[in-house]
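Sending over a structure as C-alpha cells; questions will come in a sec.
A note on names: the letters A, B, ... follow the listed sequences, proteins ahead of strands, and every chain is numbered from 1. No hydrogens, no waters, no symmetry mates; every other heavy atom, side chains included, goes into these values. None of the values given here were measured: they were computed from a predicted structure.
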Amino acid sequence: GCSFTQPGTGQPGSTLDQIKARGSARIAIANEPPYTQIKPDGTVTGAEPDVVAAVLKRMGIPSIEGVVTPYESMIPGLNANRWDIIAAGLFMKQSRCGQILYSEPEIVSTESFAVPAGNPKNLTSVASVKADPAVKVAVLPGGFEDGALKTQNVPAAQIVNIPDGRSGIEAVLAGRADAFFLPTLSLNSLKTDGIDITPAIKDVQQTGSGAGFRKTDQDLVNAYDEQLRALKASPEFDEILSRWGFSADAARGVTRDQLCAVAG
Amino acid sequence: MISFSGVGKSFGDNHVLRELDLDVAAGEKVSIIGPSGSGKTTILRLLMTLEEPDSGLVEVDGEPLWDRRGGAVADTRGQAAVRRKIGMVFQHFNLFPHMTVLNNVALAPVQVLGMSRDDAEHRAVDLLRMVGLQKHLRHKPGQLSGGQQQRVAIARALAMRPKVMLFDEVTSALDPELIGEVLAVIRDLAHTTAMTMLLVTHEMRFAAEISDRVLMFDSGAVIESGPPSKIFEEPQHERTQRFLKAVLERK
Amino acid sequence: MISFSGVGKSFGDNHVLRELDLDVAAGEKVSIIGPSGSGKTTILRLLMTLEEPDSGLVEVDGEPLWDRRGGAVADTRGQAAVRRKIGMVFQHFNLFPHMTVLNNVALAPVQVLGMSRDDAEHRAVDLLRMVGLQKHLRHKPGQLSGGQQQRVAIARALAMRPKVMLFDEVTSALDPELIGEVLAVIRDLAHTTAMTMLLVTHEMRFAAEISDRVLMFDSGAVIESGPPSKIFEEPQHERTQRFLKAVLERK
Amino acid sequence: MIWDWAFAASIVPSLLDGLWVTVQVTLVGTAIALLLGLGVAVVRYSRIPLLGKLFDFFVLFVRGTPLLVQAYFAFYVLPNVGVQFSPLVTGIIVIGINYSAYTAEVYRAGIQSVPAGQWEASTALSLSAVQRWRFVVLPQAVRDVVPALGNYVVQMFKDSAILSAITVFELLSHATSIGSGSYRYLEPLTIAGLLFLAVSLPAAKLIKRLELRLAHPR
Amino acid sequence: MSQILPFLPLLLNGLLITLALTAVGVVITVLVAFAAGLCRMSRRRWLSWPAGVFIEIFRGTSMLVQLFWLFFALPFFGVQLVPFAAAVLALGLNEGAYGAEIVRGAITALPRGQREGAIALSLTPYQRMRYVILPQAIPAMIPPFGNVFVDLLKNTSLVSLVTVADLTFRAQMVRATTGATTAVFGTILVLYFVAAYVLSVGMGRLERRMDPGRPELRPTLLQRLFRRGGVVGS
Ligand SMILES: Nc1ncnc2c1ncn2[C@@H]1O[C@H](COP(=O)(O)OP(=O)(O)OP(=O)(O)O)[C@@H](O)[C@H]1O
Ligand SMILES: Nc1ncnc2c1ncn2[C@@H]1O[C@H](COP(=O)(O)OP(=O)(O)OP(=O)(O)O)[C@@H](O)[C@H]1O
Ligand SMILES: [Mg+2]
Ligand SMILES: [Mg+2]
C-alpha cells in the first residue's frame, strides 16, 4: 500500500493511465440519496455515481469503488490523492471551479428547506431566514447550501452544522434547527412524519454538479467529457436520471461555464 | 461504667475472646497486661466500635453499646451516642497529617458536638497547654516528634470530654527518651480527673503507679485481677509469673 | 596480577580514591578492611568496569584495563577480554530471579565463552555440587535462602573460570546463622585453588584465617598493609587500632 | 512549495478561536469529571449495596467503549428521548462523564492509600460518615493523586478533538472547516497539531514538577 | 431492533475490520514501543533525542489530529498510504509512544544489581538485554500494555472519520440508511465493550502466566520427549 508518487504531478503515469490500468476508479461519495447512495452490500449507486459509472464504462473502465466521506474533506481528499474522482453531487460554484476541474454538468437540481409539518415559521427563502435572527438553519458543513447561506451573509449564529442528512432531519424534529437546507430531492428521500419539504427556494441560484477531478488531470477530463457528451446524447442518460427523480433535459440545458459562474 | 458480659469474638478460626466478663467502675483506672495476641487491643476496639463482637453484651454507662446476646444481629441505633462517651489514644497516634495541631484537636468538637469554632479553639488551646504543646498550635503533625504527636493525640481525645479514656500501648511506638513525657501527661490525668481509664501497657512500673486495678490477660480471658501491689508482687497464676518475669528481664 | 598505579576517582566533590597504588600478586589472597565509605567497594567496581577511574592506570594480568594516565579518555578496546578474567560476588547476590539456579550458572559460559549447552550445564552442576546445592538445580533464586543464593552467586562467578575473584561483603546481607555456610565455601576456594582473591569483609576472624595479606583502607588510601597476624595483633596506625576496636566491640 | 506561509498565517486567528473552545470544553469537562468521579469513587468505596455495583459496572463499561461511540450515542439517541442539548453541551457532558470513570479509579487508589488508622481515629472522634470523608479521608486521598488527575486533564484536552465528530466546533473542527473553505488541509491540520502540543507539553511538564514536589515535600 | 437485523452481517464485517485494526495495531504498537523506548534510554544522543521528540509529539497531540494528518497531509510529502495502512500506522505510532514510556519505566525499575551482575559475567550489551533485562522487564510491562491495547481497540473507532469502514463507520452507514439510531449505537457499544473485556481478561491471563518469580513448571510431556539429554535429575 505505499507508493511514493508526487500527488498532483501525475507521475509516474497520469491518473487516467492509472485507472485504465487498474480498470477501476475510486470515487468520493457522501451517501446522500438520491445523489449518492451506498447499499448495505457495499455497492455504490445514486444519480451521479451511476452517470460516472456509465461514462467510465464507455472509457473502458469497468468498475468504481466508492469512498464515503463528508463534503468538507472531498476536495482536500482529492488533492491528497485519496480518491480519483468526486461523484458526490458536489455542486459547481466559483470557488470550487477554481480548485478542481469539473466535467460538463451531469445533474441539475433545486434547493429546499425541510421544516416541521405546517412550516410554522413560514420559511420559504433565504431572505425569510435572514429576516428573523431567531431562526436556525441546519446545513452540512462544506456543502453547497452552507456556502449559499454564507455568500448571502446569513449570520453564523443562525447556521447549525450537522454531520449528515439523517442528522439534519433529526435536528429539525428535535427543534435544534428550524429548517434543514438541502437539495429538494435529497430531502424528499429523507422525509418522515412531522416533516414538510418546501418548494424550491427561489433566491438561491439553480445549480448542478459534474464529476470533479484534480487540476492536473486535464487529460482525464477531456477523455471523460468526450464520453459524457456521447452518453448525454443517448436515451441511457434519461433512463439513469429519471430513475433517481432528476430531469435529464435540465442537465442538457446548462454548461459548465454557466454553473461555474455561480457565486460562492 | 463499662461492663462486658459473655462477650465472644473470633477472627475466622481464631477465637480471640471467649465468654469474656469484665466490669469497670466509674472513675476506676484499670491497666490491662498480657502477652501479645491475647486480645487486649481487641477489647478496646470493641468499645470503640472498630470491631463487632460475635456474641454477648457490652454496656457503657448503663447503656448498651453492643447487644449480641444469643448471636442476634447487633442493633446499632443509639450506638453513636454511647460511643461519644469514649475517647481513645492509639499506638500510632493516628493524627490527621494534613491539619494543624490546633485543628486536629478542634475538629471533632466543632463537627460532632456543634461547638462554635472559637469555643472549640479555646478549649483546644487549653488542652494543648496542658500537654505542654502551646508552642506548636500551627504546626503539622509531621513536624513534631513522636512524643509530641502522642500528646496531641491525647489532647484530641480529651477535647470530646469523654467519660472513658482508652489507651492502647501508647508509648510502644516511641523512642525510649520520649516515653516519659507521654506517661507524665497520663499520670497527671489519672491523678487529677474522675475519668474512667483503661490502659493497655507494657510499662509495668507505670501501671503499678497509676492503676486501681490490674488485669492479666491470656488467650482472651482475664486470668488474674487485683490491685497492682498484689499482681506485681505476689502473682498467683503461673502464667502471670512467667509473663512478668519475661517482661522485666527484657528491660 | 592486579596493579593500580596513581588511580583517582571522585563522585562529584567526593574524592573517593586519591592516587592509589596497589599491587596484588598472582594467587595472592588479599582482604580489604576499613570504615564505611572509605572506597573499598569502589576498588572492586573499578576492576569490574562498573565504574570508570578519573586518572591513573589499572592493569590485570599484565594487560591494561583502564589507562587514564594524564586524564586521557579511556581506551576501552580490549577491556572486555581483560574483564573476562575477573569474577565478582556481590553483597546482594544479584542473581537473575527469572532463571533457574542451573541457568544462572550456565548462562555466561554458553553466551560469552561459547560453550555448548551440555558442557556448560555439566560444569554448572559440578560447581553447584561443590557449593552444596545439587538439590536445587531447578529452583528459582526466590525459593532459596540468602545463604543458598550467595553460594549460587559464587558458583556463577566461578563458572567463567576467572583468574581473579572479587568478593564485596558477601555475608553482610545474610542472617547470622547463614553466614557460616558461605564462608565455608570461600575458605575452601582460598585453600584449594590458585585464584587471586580480593575480599572486602567485616569478618575479621575469617579474614585473618584465609588471607595472605590484609589492607587497611581509609579515605581512599591504603594506610596499613601486612600479614593478618601483624595487622590484627599489632596494628601500627592509630586509625587501624580505633577501627578494629570498634568492629570487635560491636560483635 | 507545498507549504503556504501566507495562508498559514491567515488561518491562525481562526484556529486560536478553536483552541479556546477546546480549552473551555476541557475546563468544564474537567470540573464534571473531577466531581462525578469523586462521587463514584466514594459510593464504590462505601459499598453501598445496589448503587455500588451499578457504579462498578458504569466504570467498567465506560472504560470499555470508545468515547466517539459514546458521543454518537448521546448526540443521536438522547434527543429521541426528549433530552435536548446543543452539540457543545452534549460534548462536554459526554467527555466529562467519560473521564469520570477514569478519575474514579484514580481517587480509589488515593483513598486506598489513606492508612486504616485515619479511619479508626475518625470513628474514635465520633465523626459521621460524611464528616469523615469531608475532613479526614478525601483531603489526604486527593492530595496524593493530583498529578495523576492532572495527566487525565491533559488527556481530555487532546481527546476533546473527538467531539468534532458531533459537530462541536473546537480546534480540529476549525481546521477541517478551513479545509472545506480553502480546500487545503496541510496547513490547518499541521498548525492544529502544533497548538495541541503547545498546550499539552507545558502542561505535562508542570504536572511532572508537581509530582516531584509532592513526592519530596520541602 | 428488527430494522437493523438485515444489516447485522454488515456490522459484523465492520467488527472484523475493527479487530483486524486492533491486531495489526497491537503489533505495531509493541514494535514502536520497544524501538522508541530503547532508543530513548540509549546513551547516544542521536538515538535518544529523536526518540524523545517522537514520543513527545505523539503523546502531546490528539490521536484524531494525527490520523487526519497522516490521511490528508502526508500525501503532499509524497507518501501515499492506503486508508487501512494510514489508520493502523496512526494507531500504532500513537499508542507506541505511550508504550515507549512503559518500556522505559519497566526497565529502569529493575534493580541496578541485575545489570551489574550481567556485566560481571561479561555479557555483551545485547546479551544483557536479551537474557537478563527484558525477561524480567517484560512481565512488568504486561498490565500497563493491557491498558494501552484496550485504548487502541477503542481508538480504532476514530478511523471511521477518515473513511475506513470499521464497526463505527458501518454503524453510521446503517443509521443513515435505517434511522434506527438507538439500536445501532446500542449494539456497537455492546460489541466494543465485549471486545475490550475479552482483551483485558486475556491480558490478565498472560500476566499470570509470565510472573517471573513463579516456580519453574514441571516440564511438559512434550518438553521431556524433545529435550536433549543433559543434566535433568542429576
Ligand atoms: N482484623 C483482624 N483480622 C484477623 N485477626 C485479627 C485481627 N485483629 C486482631 N486479630 C488477631 O486477634 C488476636 C488478638 O489480637 P489483639 O490485637 O487483640 O492482641 P493484643 O493482646 O493487643 O496483642 P499485642 O500485645 O501484640 O498488641 C491476635 O491473634 C491477632 O492476630
Ligand atoms: N554511584 C555513586 N555516586 C555517588 N557517590 C558514590 C557512588 N558510589 C559510591 N559513592 C560514594 O563513594 C564513597 C566510597 O564508597 P564505597 O562504596 O567504595 O565505600 P565502602 O568502603 O565500600 O563502604 P561500605 O563499607 O559502606 O560499603 C562513599 O562516600 C559513597 O557515598
Ligand atoms: Mg495490641
Ligand atoms: Mg562497600
Side-chain angles (χ1 to χ4, degrees), chain D residues 2-3 22 57 60-81 98 102 105 151 154-155 157-165 170-173 175-176 179 184-205, chain E residues 18 53 56-78 94 98 147 150-161 166-169 171-172 175-176 179-200:
Chain D
I2 303 170
W3 178 272
T22 293
F57 183 75
L60 203 62
F61 191 83
V62 168
R63 290 169 55 113
T65 51
L67 175 60
L68 175 66
V69 181
Q70 293 165 7
Y72 278 152
F73 192 86
F75 186 72
Y76 292 116
V77 175
L78 290 188
N80 291 349
V81 297
N98 179 280
Y102 293 85
E105 292 285 85
N151 282 329
V154 177
Q155 191 75 34
F157 169 73
K158 291 176 281 173
D159 268 1
S160 63
I162 293 173
L163 300 179
S164 63
E170 47 64 71
L171 180 50
L172 180 60
S173 303
T176 54
R184 289 187 69 96
Y185 263 178
L186 176 60
E187 293 85 357
L189 285 178
T190 306
I191 297 174
L194 292 176
L195 288 178
F196 271 110
L197 269 184
V199 175
S200 67
L201 277 191
K205 289 268 171 319
Chain E
T18 291
V53 170
E56 294 295 355
I57 287 184
F58 277 84
R59 281 163 43 107
T61 55
S62 271
M63 164 85 205
L64 193 53
V65 172
Q66 293 159 20
L67 204 52
F68 268 80
W69 204 93
L70 278 185
F71 204 80
F72 289 117
L74 189 61
F76 288 96
F77 297 94
N94 181 278
Y98 287 92
N147 290 337
V150 170
D151 254 0
L152 173 72
L153 168 67
K154 292 187 292 173
N155 278 341
T156 58
S157 65
L158 300 181
V159 307
S160 66
L161 299 173
D166 76 323
L167 182 57
T168 305
F169 184 91
Q172 277 289 31
R175 185 192 69 87
T181 304
T182 314
V184 172
F185 285 126
T187 306
I188 69 164
L189 272 178
V190 172
L191 288 177
Y192 275 112
F193 177 63
V194 171
Y197 190 77
V198 170
L199 183 58
S200 51

Next on the checklist: Heavy-atom pairs under 4.5 Å with chain D - which of E:L161, E:T156, E:L74 has more of them than the others?
Outcome noted: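 It is E:L161.
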Checklist entry - Of the backbone (N, CA, C, O) and the side chain (C-beta and beyond), which part of D:L172 lies under 4.5 Å from a heavy atom of chain E, both, or neither? => result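 It is the side chain, since no backbone atom gets that close.
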Checklist entry - What closest approach, in Å, do E:G186 and D:F73 show between heavy atoms, and which atom pair accounts for it? => result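 E:G186 and D:F73 have their closest heavy atoms at N-CE1, 3.7 Å.
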Next on the checklist: Let me confirm one number: the CD1-CG distance from D:I162 to E:N155, rounded to the nearest 0.5 Å.
Outcome noted: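 The CG atom of E:N155 is 6.0 Å from CD1 of D:I162, to the nearest 0.5 Å.
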Checklist entry - Between E:L167 and chain D, which part of the residue has a heavy atom less than 4.5 Å away: side chain, backbone, both or neither? => result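 Nothing of E:L167, per the 4.5 Å heavy-atom cut-off to chain D.
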Item to check | Part of E:Y98 lying under 4.5 Å from any heavy atom of chain D | outcome: side chain
Next on the checklist: Using a 4.5 angstrom heavy-atom cutoff, name the option from E:V194, E:D151, E:T182, E:T168 with the most pairs to chain D.
Outcome noted: E:T182
Checklist entry - Can you say whether E:F68 sits under 4.5 Å from chain D via the side chain, the backbone, both, or neither, judging by heavy atoms? => result both
Checklist entry - Could you state the interatomic distance from CD (D:E187) to CZ (E:F76), rounded to the nearest 0.5 Å? => result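 Reported value, rounded in 0.5 Å steps: 8.5 Å.
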Next on the checklist: Let me confirm one number: the OH-CG distance from D:Y72 to E:L189, rounded to the nearest 0.5 Å.
Outcome noted: 12.5 Å
Next on the checklist: Measuring only between side-chain heavy atoms, which start at C-beta, is E:E56 closer than 4.5 Å to D:L201?
Outcome noted: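 They are in side-chain contact.
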Next on the checklist: Less than 4.5 Å to any heavy atom of chain E: does that hold for the side chain of D:A161, its backbone, both, or neither?
Outcome noted: both
Item to check | Sole residue of D:L67, D:L68, D:D159 in side chain to side chain contact (heavy atoms under 4.5 Å, CB included) with E:L158 | outcome: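 Considering D:L67, D:L68, D:D159, a side chain to side chain contact (heavy atoms under 4.5 Å, CB included) with E:L158 is found only for D:L68.
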Checklist entry - Looking only at heavy atoms, what is the nearest atom pair of D:S164 and E:L64, with distance? => result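 That closest heavy-atom pairing would be OG-CD2, 3.9 Å.
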Checklist entry - Which residue out of E:S157, E:S200, E:A73 racks up the most heavy-atom pairs below 4.5 Å with chain D? => result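 The residue among E:S157, E:S200, E:A73 with the greatest pair count is E:S157.
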Checklist entry - What class does the angle between the rings of D:F61 and E:F193 fall in, given that below 30° is parallel, 30 to 60° is tilted and above 60° is perpendicular? => result tilted
Checklist outcome for this item: Most contact-rich option vs chain E, by heavy-atom pairs under 4.5 angstrom, among D:L186, D:L195, D:L197, D:V199, is D:L197
Checklist entry - Which heavy-atom pair separates E:A196 from D:G64 by the least distance, and what is that distance? => result CB-O, 3.3 Å
Checklist entry - Side chains of D:Y76 and E:Q172: closer than 4.5 Å at any heavy-atom pair? => result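 D:Y76 vs E:Q172: side chains touch.
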